[in-house]
Amino acid sequence: MKIAFGFICFLVSCCVLAQEHDSNYRTKKVAVRDSIVIDSVSINPSRFLVKTKNNVLIDSSKYSVDFAKSILVFYEMVASDSKIIDYLRYPDYITKTYRQLDPNIIVENTNSIQRLYKLNQSTLKNNFTPFEGL
């Protein structure tokens with residue numbers, strides 16, 4: 001009984017440890033420019049830090065951040081050649097674009113197209129009679 005219980009506990013712990021969890025906390029090391037695109041989606045302002053490569057925190061008065069577009073703009077250049085940016089990315093289900101129709105299949109409104117579709121009545125005659133011959 002102890003062996004079976006131990007084996008079941010081992011299997012459960014393997015299943016729990018097998019799950020990979022992708023974190024939204026990101027760290028990015030970038031070269032210094034006047035403006036830096038941090039990520040492709042919006043970032044959360046609750047956890048945003050800019051540090052030098054020696055882990056010295058840079059004062060927030062030396063840069064501005066557009067959190068909706070995730071763009072970092074430096075007002076004055078700092079002496080180091082690279083920066084470390086710690087930020088919290090919004091989850092995919094919040095930043096995903098949901099659409100009813102794909103914009104690639106929508107046809108432009110032009111006067112040269114006379115008719116996109118045509119409705120017809122069916123000319124086929126149904127000759128099947130259920131329970132014929134009873």
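Being a predicted model, the structure only gives us computed values, none of them experimental.
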Note to self: Please say yes or no: joined through hydrophobic side-chain contacts below 4.5 Å, possibly via intermediate residues, are Phe48 and Phe74 part of one cluster?
What the structure shows: yes
Notebook entry, point to check: Taking atom CD1 of Ile71 and atom CG of Asp39, what is their separation to the nearest 0.5 Å?
Noted result: 12.0 Å
Checklist line | same_hphob_cluster(Phe67, Ile85) at 4.5 Å side-chain heavy-atom cutoff | finding: yes
Notebook entry, point to check: Who passes ring pair (Phe, Tyr, Trp, His ring centres under 6.0 Å) against Tyr90, sequence neighbours left out?
Noted result: none
Item checked: Euclidean distance, Leu57 CG relative to Leu49 CG, rounded to 0.5 Å -> 5.5 Å
Checklist line | Heavy-atom closest pair, residues Ala31 and Ile36 | finding: O-CD1, 3.8 Å
Notebook entry, point to check: Val65 versus Pro45: any side-chain heavy-atom pair under 4.5 Å?
Noted result: no
Check: Which pairs pass salt bridge (Lys or Arg N to Asp or Glu O under 4.0 Å) with one or both residues in residues 41-53, sequence neighbours excluded?
Finding: Lys51-Asp86, Lys53-Asp81
Item checked: Over all atoms of both residues, closest heavy-atom pair of Ile38 and Ile43 -> CD1-CD1, 3.9 Å
Notebook entry, point to check: How many angstroms lie between CD1 in Ile58 and CD1 in Ile84, if you round to the nearest 0.5 Å?
Noted result: 9.5 Å
Notebook entry, point to check: Between Ser42 and Ala68, what is the shortest heavy-atom contact and its length?
Noted result: OG-O, 2.7 Å
Margin query: With no hydrogens and no angle check, just 3.5 Å: does a side-chain donor-acceptor pair link Thr52 and Asn54?
Written below: no
Next item on the list: Check the hydrophobic clustering (I, L, V, M, F, W, Y; side-chain heavy atoms under 4.5 Å; chains of links allowed) and say if Val30 and Val73 are grouped together.
Entry: no
Notebook entry, point to check: If two hydrophobic side chains count as joined below 4.5 Å and joins carry through other members, does Ile94 share a cluster with Tyr98?
Noted result: yes
Notebook entry, point to check: Would the number of heavy atoms belonging to other residues, nucleotides or ligands and lying under 6.0 Å from CD1 of Ile3 be above 12?
Noted result: no
Next item on the list: Work out which heavy atom in Lys28 is nearest to a heavy atom in Tyr87; give both atom names and the distance.
Entry: CB-CE2, 4.2 Å
